Amino acid sequence: MQSNFLIAKDSSSAMTLSENSPEPAAAHASTTEDFAHNLASIKARIEAAAHKAGRDPASIRLLPVSKTVPEDRLRLAVAAGMDFLGENKVQEAARKAENLSDIPGLRFSVIGNLQTNKAKFVAQFADEFQALDNLRQAAALQRRLEAEDRQLDVFVQVNTSDEESKFGLPPEEVQEFVEQLPQFDRLHVKGLMTLALFSENKEAVRACFVRLRELRDALRTSAPEGMKIEELSMGMSGDFELAIEEGATVVRVGQGIFGARALPDSHYWPGFAGEKSSAPKPAAE
Ligand SMILES: *Cc1c(COP(=O)(O)O)cnc(C)c1O
């Protein structure tokens with residue numbers, strides 16, 4: 001189940017991969033070569049996990065998650081081949097999109113919770129929004145997208161962990177929710193997104209991924225006409241191989257590419273209590 005595929009030659013920047021628990025964070029990347037190296041090792045792990053699961057690696061998109069990474073380092077990441085970046089916080093993402101607007105073809109996906117009053121930022125710069133979970137938000141995005149004359153790919157966020165999280169719809173409410181979405185013609189529904197339980201218990205994490213897949217499978221037949229819910233955005237640095245095993249089509253990997261973050265995950269997912277942090281204690285940036 002866990003890949004022990006080891007591609008790194010240079011132990012100073014290599015991810016430590018033991019068979020049972022790979023360190024989720026890469027060493028701090030600070031040159032284009034570091035980024036290319038980290039990117040290649042994550043891609044190799046995606047490929048190995050896909051083959052193991054009998055899946056085509058090309059059916060899995062790696063979304064590098066660049067939150068907290070400043071613009072100067074992002075330029076190096078782009079030079080290493082990253083052209084679609086995931087950001088958790090809207091204002092941080094808007095600032096980066098603005099400061100990096102000279103880079104042709106660079107796109108942003110907003111993957112974190114969005115307050116309705118910030119929908120206008122997403123409408124201005126984002127190509128994708130992965131945390132759609134209420135109708136007021138959908139209406140605000142639609143209105144702002146019309147004003148900007150833009151379109152947006154969206155994923156519906158689902159709470160698959162039964163945590164008292166404020167974010168994501170309970171699985172049983174997703175069907176009714178997606179039935180409301182065709183009225184928002186600027187939003188193109190692509191699939192479902194989830195944050196799995198933070199737990200050392202692999203089977204508990206896997207159950208979250210299975211739940212999202214089963215929900216997607218059910219929606220394939222019951223979604224409104226013309227809506228194709230195919231994508232499954234699930235899996236992060238600590239659990240993407242498991243997610244691939246369960247059908248992920250998008251994996252969101254931050255620390256495995258950029259290195260550990262200084263701030264704990266609770267900063268990004270308020271109210272999302274976990275049994276453990278997804279990252280080891282970070283080295284100071
Ligand atoms: C930060 C973040 C990730 C990536 O987490 P890593 O542990 O850095 O891989 C994935 N999804 C969301 C929603 C995030 O905010």
Side-chain angles (χ1 to χ4, degrees), residues 15-17 21-29 35 38-39 41-43 45-46 49 60-69 73-74 77 82 84-93 96 108-114 122 126 128-133 154-161 163 165-169 191-200 205 208-209 212 231-244 248-283 285:
M15 306 196 13
T16 320
L17 296 183
S21 62
E23 290 293 326
H28 181 89
F35 282 115
N38 291 353
L39 189 61
S41 37
I42 295 291
K43 281 184 174 166
R45 286 173 59 192
I46 289 173
I60 300 153
R61 164 162 65 107
L62 168 62
L63 179 65
V65 176
S66 54
K67 65 193 184 205
T68 76
V69 181
R73 287 180 68 216
L74 286 182
M82 296 177 230
F84 199 4
L85 300 174
E87 286 281 341
N88 180 290
K89 290 191 182 288
V90 185
Q91 270 153 317
E92 178 180 345
K96 290 176 182 173
F108 286 90
S109 177
V110 173
I111 61 176
N113 139 66
L114 174 70
V122 172
E128 185 176 86
F129 174 53
Q130 294 204 358
L132 188 69
D133 67 359
V154 297
F155 288 59
V156 175
Q157 185 173 353
V158 183
N159 179 353
T160 53
S161 61
E163 297 246 341
S165 164
K166 285 180 288 181
F167 309 121
L169 287 164
L192 307 177
M193 181 274 235
T194 202
L195 281 168
L197 191 70
F198 287 105
S199 170
E200 301 285 357
V205 173
C208 297
F209 298 145
L212 199 71
E231 305 285 337
L232 292 175
S233 175
M234 55 191 200
M236 321 196 313
S237 296
D239 56 16
F240 70 85
E241 281 138 331
L242 195 56
I244 287 170
T249 66
V250 180
V251 292
R252 309 179 306 266
V253 178
Q255 299 175 89
I257 295 174
F258 295 98
R261 281 184 297 273
L263 291 165
D265 287 335
S266 56
H267 178 72
Y268 299 96
W269 311 306
F272 197 89
E275 288 173 36
K276 69 170 180 73
S277 159
S278 70
K281 285 281 165 287
E285 291 244 341

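Since we're looking at a predicted model, the values are computed, not measured. In this chain, residues are counted from 1 in sequence order. Counting convention: from 1, in listed order, for ligands and their atoms alike.
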* Are I111 and L63 close enough that some pair of their side-chain heavy atoms sits under 4.5 Å apart? -> yes
* To do: Taking atom types as modelled, find out whether S237 and Q255 have a side-chain donor-acceptor pair closer than 3.5 angstrom.
  => no
* Asked: Hey, which atoms in ligand 1 end up nearer than 4.0 Å to a heavy atom of K67?
  -> 1 (C), 2 (C), 3 (C), 14 (C), 15 (O)
* **Residue that, paired with T194, satisfies side chain to side chain contact (heavy atoms under 4.5 Å, CB included) out of V156, T160, N159** => T160
* Which atoms of ligand 1 sit under 4.0 Å from any heavy atom of Q255? -> 6 (P), 7 (O), 8 (O), 9 (O)
* Region of I111 that comes within reach of ligand 1 [heavy atoms, distance under 4.0 Å] -> both
* Asked: Which ligand 1 atoms does V253 reach within 4.0 Å, using its non-hydrogen atoms?
  -> 9 (O)
* All ring pair (Phe, Tyr, Trp, His ring centres under 6.0 Å) counterparts of F35, not counting sequence neighbours -> F258
* To do: Sequence neighbours left out, what passes side-chain hydrogen bond (donor to acceptor under 3.5 Å, both in side chains) with S66? Give chain and number order.
  => E87
* Asked: When only distance counts, is G254 in polar contact with ligand 1, meaning an N/O pair under 3.5 Å?
  -> yes
* Does R261 have a non-hydrogen atom less than 4.0 Å from ligand 1? -> yes
